[in-house]
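No experiment lies behind these values; they were computed from the predicted model shown.
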Amino acid sequence: MYVVNNERNVNCELGYDRTLSIATMTFNGGNGAADDSLSNYKVIRVGDIAFEGHTNKVHAYGRFVLNDAGDGLMSPRFSCLRPIVEQRYSFWKYYIPREESMRPILVNATKNGTMMNELVPDDLMHESILVPCLAEQEVIGNSFSQLDHVITLHQRKCQYRGLYGYLSWEQRKWSEYVSISTDMVDPRSGNYDTLPHVGPGNMESFTGRLYDNVNTVKDDALISGKFHFNPGDIIYGKINPQLGKYTYAQFEGLASADAYVLNGKNGLTQEFLFGM
């Protein structure tokens, strides 16, 4: 399916403006290398895949990145492969970096380098991978391409059929639509003695329900500042947010300093905020 690509820019066909960042596969205008090194850069053509050896929580051994940006240049220290069979690049763009597919291959075809993992092409050529037919590649690739068109860095729009037809969603900044209460009060004042005191320990994870262990402010003998909340406010535990501690207040009370008191604004309803 692939051969090692060592095509060099010997005739300086491509300039520094065609230098690609392998991590993002976008043109970055070069890295300030000397002019006499330009001819030694590798030429990476559309459909070629480059190996990016930095590891992270998602890619344990590095990853391949497909060039769909245009013919360009890449540093000679990166490995590059060129397809020798017909492919649908819209599919391979998503499939070739997929950790679940590539980890069993890369574990046998990489080695530790000075700063990153390095590809061992001879070992890679002994590995195999499941590949759908061209028709399936096209269908899958088109689906992902359409999804990418819908989901962008600054705006996400999706459509779904609701009770009243199609609704449009857009990504907005949290601060534009949600306010976090700063109404902190002194529980020792005596003004709040009979009110409930609610904290993350009183909330059942991921249900919005309260346990039956809620005490009054006086019973808990509170001494540090707490947030005053009212019926309809949303209380969200900010310590260990992965535990999903939140509730929709049905009464007035004080919230632990380990929680946020949230309210929607600019048209965002409490019901929708709670449902998020």
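Summarising the geometry of Asp183 relative to Ser181, their closest heavy-atom pair is N-OG, 3.1 Å, with the distance given to 0.1 Å. In terms of heavy atoms, Tyr61 sits closest to Val107 at OH-CG2, 3.3 Å. Heavy atoms only, all atoms of each residue included: Val217 and Pro196 are closest at CG2-O, 4.3 Å. In terms of heavy atoms, Gly253 sits closest to Leu195 at CA-CB, 4.0 Å. Here the shortest heavy-atom pairing between Cys80 and Ile44 reads SG-CG1, 4.1 Å. For the pair Ser79 and Met74, the tightest heavy-atom approach, listed with the atom from each and the gap, is O-CE, 3.9 Å.
Counting only distance, with no hydrogens or angles, the side chain of Ser256 and the backbone of Asp258 share a donor-acceptor pair below 3.5 Å. The main-chain N or O of Asp219 is found under 3.5 Å from a side-chain atom of Thr216 such that the two form a donor-acceptor pair. Asn40 places no side-chain N or O within donor-acceptor distance of the main-chain N or O of Arg8, the cut-off being under 3.5 Å. With hydrogens and angles ignored, the 3.5 Å screen pairs no side-chain donor or acceptor of Ser21 with any backbone N or O of Thr26. No side-chain donor-acceptor contact under 3.5 Å links Thr110 to the backbone of Asn117. In this structure, the side chain of Asn67 engages the main chain of Gly70 through a donor-acceptor pair within 3.5 Å. The backbone N or O of Asn112 sits nowhere less than 3.5 Å from a side-chain atom of Glu118 that would complete a donor-acceptor pair. Between the side chain of Asn5 and the backbone N or O of Val43 there is at least one donor-acceptor pair closer than 3.5 Å.
Taking CD1 of Ile129 as the reference point, atom CZ of Arg98 lies at 9.5 Å (rounded to 0.5 Å). Asp71 CG to Glu13 CD: the interatomic distance, rounded to the nearest 0.5 Å, is 7.0 Å. Taken to the nearest 0.5 Å, the CG atom of Asn215 stands 4.5 Å off from the CG atom of Asp220. Within the model, atoms CE of Met102 and CG of Leu124 stand 6.5 Å from one another, a figure rounded to the nearest 0.5 Å. Between the NE2 atom in His228 and the CG atom in Asp186 there is a gap of 13.5 Å [rounded to 0.5 Å]. Between the NZ atom of Lys111 and the CG atom of Asn108 there is a distance of 15.0 Å, given to the nearest 0.5 Å.
Leu243 and Val198 are members of different hydrophobic clusters when ILVMFWY side chains are connected at heavy-atom separations under 4.5 Å. Using a 4.5 Å cut-off between side-chain heavy atoms of Ile, Leu, Val, Met, Phe, Trp and Tyr, with links allowed through other members, Phe274 and Phe272 fall into the same hydrophobic cluster. A continuous path of ILVMFWY side-chain contacts below 4.5 Å connects Ile180 to Tyr248, so both sit in one hydrophobic cluster. Placement of Met125 and Met1 within a single hydrophobic cluster is found when ILVMFWY residues are connected by side-chain heavy-atom separations under 4.5 Å, directly or transitively. Cluster membership for Tyr246 and Val178, using ILVMFWY side-chain heavy atoms within less than 4.5 angstrom, is shared.
His54 places none of its side-chain heavy atoms less than 4.5 Å from the side chain of His59. Taking 4.5 Å as the limit, some side-chain heavy atom of Lys42 sits within range of a side-chain heavy atom of Asn6. Taking the side chain as every heavy atom from C-beta outward, Arg45 and Asp48 approach each other to under 4.5 Å. The shortest distance between side-chain heavy atoms of Leu14 and Leu73 falls below 4.5 Å. Counting heavy atoms from C-beta outward, Leu273 and Leu262 have side chains that approach closer than 4.5 Å. Proximity of His197 to Lys226: side-chain heavy atoms (C-beta onward) are separated by under 4.5 Å at one or more points. Using a 4.5 Å cut-off on side-chain heavy atoms (C-beta onward), Pro187 and Leu254 make contact. With contacts defined as side-chain heavy-atom distances shorter than 4.5 Å, the pair Glu86/Leu134 qualifies.
In this structure, the ring of Trp92 has its center no less than 6.0 angstrom from the ring center of Tyr89. In this structure, Tyr260 has its ring center no closer than 6.0 Å to that of Phe227.
Evaluated for a ring-ring contact (aromatic ring centres under 6.0 Å, His included) with Phe64, the options Tyr2, Phe51, Tyr94 yield exactly one hit, Phe51.
Looking at Arg82 and Glu7, a side-chain N of the basic residue comes within less than 4.0 Å of a carboxylate O on the acidic one, giving a salt bridge.
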Side chains of residues 229-238: which donor-acceptor pairs under 3.5 Å do they make with residues two or more places apart or in other chains?
residue, atom, partner, partner atom, Å
Asp233, OD1, Asn263, ND2, 3.1
Asp233, OD2, Asn230, N, 2.8
Lys238, NZ, Ala257, O, 3.1

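When the side chain to side chain donor-acceptor pair (under 3.5 Å) test is applied to Asn142, no partner is found at least two apart in sequence or on another chain. Residues satisfying the side chain to side chain donor-acceptor pair (under 3.5 Å) criterion with Asn11, sequence neighbours excluded, are absent altogether.
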Exercise for the section: Any chance you could lay out the side-chain contact (heavy atoms from CB on, under 4.5 Å) test for Arg18 and Phe27, step after step, and finish with the verdict? Expected result: CA-CA 6 Å; Arg18 300 299 293 181; Phe27 294 105; 3.2 Å; yes
Exercise for the section: Decide yes or no on side-chain contact (heavy atoms from CB on, under 4.5 Å) for Thr55 and Met116, but give the supporting numbers first. Expected result: CA-CA 7 Å; Thr55 62; Met116 66 185 80; over 6 Å; no
Practice task
Take Leu106 and Arg63, measure what side-chain contact (heavy atoms from CB on, under 4.5 Å) needs, and give me the verdict at the end.
Solution key: CA-CA 8 Å; Leu106 294 179; Arg63 63 191 171 108; 5.5 Å; no
Exercise for the section: Test side-chain contact (heavy atoms from CB on, under 4.5 Å) on Phe144 and Ser90 and set out the steps. Expected result: CA-CA 8 Å; Phe144 278 117; Ser90 59; over 6 Å; no
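Other residues, nucleotides and ligands contribute more than 12 heavy atoms inside 6.0 Å of the NZ atom of Lys265. For Ile84, the CD1 atom is densely surrounded, since the number of other residues' heavy atoms within 6.0 Å is greater than 12.
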